[in-house]
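See below for the structure under consideration.
For clarity, every value in this text was computed on a predicted model and none was experimentally measured.
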Amino acid sequence: MALFGRRRAKNDEPAEDYDDFDGEDYAEEDSAEGSVQGDLASMSGPFDEEPPDDGLPRLDLGSVLLPVPDGAQLQVEMEQPGVVKAVHVMTPSGQMTVTAYAAPKSGGLWEEVCGDLANELKANGAQVRSASGEWGQELMANLNEMSLRFVGVNGPRWMLRGVVAGPPEQSAQAAHGLRSLIRGAVVVRGTQPMPVGLPLPIELPDEIAQHIAAQGG
């Protein structure tokens, strides 16, 4: 794992523009099972609050602990100085981003988000399809020679959303890589009350935070 760089959020950028959601829900088989990395293939998460006793190193981002694959790089996206918007995991098959959100005790937030997300992507000119995945509904999208996959998991008072973007020829491998990352993730929701749908705060490890500060971020 290596620190890749820093990217500032731009107010004039569309919020992930991606193509044509028809509401269809169907099973899909990808052909790259062998691309799942090491011990992550056997993980059964995402886990709540505490990581399992598996000895797997995880990147501590405060609200989420991620088992970053070997050879991956990180890109930190800043909302404003001192406020992290997202941490992207850069792999040869695509850019993966996993974010945790506050959710109701009753669950079901991902299903609601899926519909809104599909409509937003369609409005931005993307073609969107729905598939049945490991944790329920997934969204696939294609735009400007880019393939995207959205995966969501409903947890106890939290929802975890993952997205991977990469070249179409790597879409199957990218999807397996994203699911693998989510299987090994740990969500630390905490006990504080938060509005439903609000992203849980991201805290950078000291080494990464100091690196960004040295770059003037």
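- To the nearest 0.5 Å, the span separating CG on Leu178 from NE2 on His176 amounts to 11.0 Å.
- At a threshold of 4.5 Å between non-hydrogen side-chain atoms, the residues Met96 and Ser180 do not count as touching.
- In this structure, Ala185 and Leu66 approach most closely via the heavy-atom pair CB-CD2, 3.9 Å.
- In this structure, Ala100 and Val64 approach most closely via the heavy-atom pair CB-CG2, 3.6 Å.
- Atom CG in Asp206 sits 14.5 Å away from atom NE2 in His211 (nearest 0.5 Å).
- At a threshold of 4.5 Å between non-hydrogen side-chain atoms, the residues Pro67 and Leu181 count as touching.
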Please evaluate residues Trp135 and Ile182 with respect to the criterion side-chain contact (heavy atoms from CB on, under 4.5 Å), reporting the C-alpha separation (whole Å), side-chain torsions for both, the decisive distance (0.1 Å), and the verdict.
CA-CA 10 Å; Trp135 297 279; Ile182 290 174; 3.6 Å; yes
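- At most 12 non-hydrogen atoms from other residues, nucleotides or ligands lie less than 6.0 angstrom from CD of Glu145.
- Taking 4.5 Å as the limit, some side-chain heavy atom of Leu117 sits within range of a side-chain heavy atom of Arg161.
- When hydrophobic clusters are built by joining Ile, Leu, Val, Met, Phe, Trp and Tyr residues whose side-chain heavy atoms come closer than 4.5 Å, directly or via intermediates, Leu198 is grouped together with Leu160.
- Of all heavy-atom pairs spanning Ala103 and Val196, the tightest one is C-CG2, 4.2 Å.
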Apply side-chain contact (heavy atoms from CB on, under 4.5 Å) to Val89 and Val164, showing your working.
CA-CA 9 Å; Val89 180; Val164 60; over 6 Å; no
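- The only option from Gln73, Gln75, Glu77 that meets the side chain to side chain donor-acceptor pair (under 3.5 Å) definition with His88 turns out to be Glu77.
- Environment of CD in Gln192: crowded, with over 12 heavy atoms of neighbouring residues, nucleotides or ligands closer than 6.0 Å.
- Atom CG in Leu121 sits 10.5 Å away from atom CG in Asp116 (nearest 0.5 Å).
- Under the 4.5 Å side-chain criterion, counting only non-hydrogen atoms from C-beta, Leu148 is not in contact with Ser171.
- Shortest non-hydrogen contact noted between Arg157 and Gly190 is NH1-O, 3.2 Å.
- Under the 4.5 Å side-chain criterion, counting only non-hydrogen atoms from C-beta, Leu204 is in contact with Val87.
- Looking only at distances, no side-chain donor or acceptor of Arg179 sits under 3.5 Å from a matching main-chain atom of Val151.
- Within the 4.5 Å cutoff, side-chain heavy atoms of Leu59 are placed close to those of Leu74.
- In this structure, Trp158 and Ser63 have side chains that are not in contact, with every pair of non-hydrogen atoms separated by 4.5 Å or more.
- To the nearest 0.5 Å, the span separating CG on Leu65 from CD on Glu49 amounts to 10.0 Å.
- Of all the heavy atoms in Leu200 and Ala102, the pair that sits closest is CD2-N, 3.8 Å.
- Distance check: Gln95 CD to Met90 CE gives 4.5 Å after rounding to the nearest 0.5 Å.
- When all heavy atoms are compared, the tightest approach of Gln170 to Gln173 is OE1-OE1, 3.0 Å.
- Phe150 is not listed as a side-chain neighbour of Gln137, based on a closest heavy-atom distance of 4.5 Å or more.
- One distance of note links OH of Tyr101 with CZ of Arg189; it measures 14.0 Å at 0.5 Å rounding.
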Could you walk me through whether Asn154 and Leu109 pass the side-chain contact (heavy atoms from CB on, under 4.5 Å) test, one step at a time?
CA-CA 7 Å; Asn154 290 311; Leu109 181 60; 4.2 Å; yes
